[in-house]
Amino acid sequence: MEHVIVERVFADPVQAADVYAAMQKAPSCLDAHRVRHLRSCLSLDGLRMICEYEAPDAESVRTANLRMGSQFERIWTAKVLSPSDPAR
């Protein structure tokens with residue numbers, strides 16, 4: 001499985017409650033593409049968000065987001081760097 005990052009930019013500020021509501025609708029679509037949501041970080045101004053997923057590949061995450069109607073700027077795979085495991 002790959003670690004996949006989704007970058008989102010919003011024209012109008014998004015509230016955390018709106019993000020949580022959208023997350024409640026996502027599980028069946030994510031499951032269908034073998035995508036697991038790990039976490040999301042919303043900027044304090046509500047205009048940007050980074051979402052982290054574990055998935056077979058970036059295309060699986062892209063497909064799931066398109067089917068859910070979720071807007072995004074970029075989707076890319078990443079290597080997780082951890083201070084406790086520098087050999088990764």
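Numbers here are sequence positions counted from 1. Quick caveat: nothing in here was measured; it's all calculated off a predicted structure. Keep in mind that the numbers below use all heavy atoms, side chains included, and drop hydrogens, waters and symmetry copies.
One finds the CD atom of Glu7 at 4.5 Å from the CD1 atom of Ile50 (value rounded to the nearest 0.5 Å). With rounding to the nearest 0.5 angstrom, the CG atom of Asn65 is 9.5 Å from the NE2 atom of His33.
Note on Met49 and Tyr20: same hydrophobic cluster, where clusters join Ile, Leu, Val, Met, Phe, Trp and Tyr whose side-chain heavy atoms are under 4.5 Å apart, directly or indirectly. In this structure, Met23 is not a member of the same hydrophobic cluster as Leu38, with clusters built from ILVMFWY side-chain heavy atoms closer than 4.5 Å. The hydrophobic clustering, which links ILVMFWY residues whose side-chain heavy atoms are closer than 4.5 Å, places Leu47 and Phe72 apart. Met68 and Ile75 fall within a single hydrophobic cluster, where Ile, Leu, Val, Met, Phe, Trp and Tyr are joined by side-chain heavy atoms under 4.5 Å apart, directly or via other members.
Nearest heavy atoms, Ala16 versus Leu42: N-CD2, 3.9 Å.
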Name each donor-acceptor pair under 3.5 Å that joins a side chain in residues 51-64 to protein atoms two or more places apart or in another chain, with its distance.
{"residue": "Glu52", "atom": "OE1", "partner": "His3", "partner atom": "NE2", "Å": "3.0"}
{"residue": "Glu52", "atom": "OE1", "partner": "Arg39", "partner atom": "NE", "Å": "3.4"}
{"residue": "Glu52", "atom": "OE2", "partner": "Arg39", "partner atom": "NE", "Å": "3.0"}
{"residue": "Tyr53", "atom": "OH", "partner": "Arg8", "partner atom": "NH2", "Å": "3.2"}
{"residue": "Glu54", "atom": "OE1", "partner": "Arg36", "partner atom": "NE", "Å": "3.4"}
{"residue": "Glu54", "atom": "OE1", "partner": "Arg36", "partner atom": "NH2", "Å": "3.3"}
{"residue": "Asp57", "atom": "OD1", "partner": "Glu59", "partner atom": "N", "Å": "3.3"}
{"residue": "Asp57", "atom": "OD1", "partner": "Ser60", "partner atom": "N", "Å": "2.8"}
{"residue": "Asp57", "atom": "OD1", "partner": "Ser60", "partner atom": "OG", "Å": "2.8"}
{"residue": "Glu59", "atom": "OE1", "partner": "Arg62", "partner atom": "NE", "Å": "3.1"}
{"residue": "Thr63", "atom": "OG1", "partner": "Glu59", "partner atom": "O", "Å": "2.9"}

- Message: Between Val6 and Arg74, does the side chain to side chain contact (heavy atoms under 4.5 Å, CB included) criterion hold? Intermediate values first, please.
- Response: CA-CA 6 Å; Val6 176; Arg74 288 177 223 36; over 6 Å; no

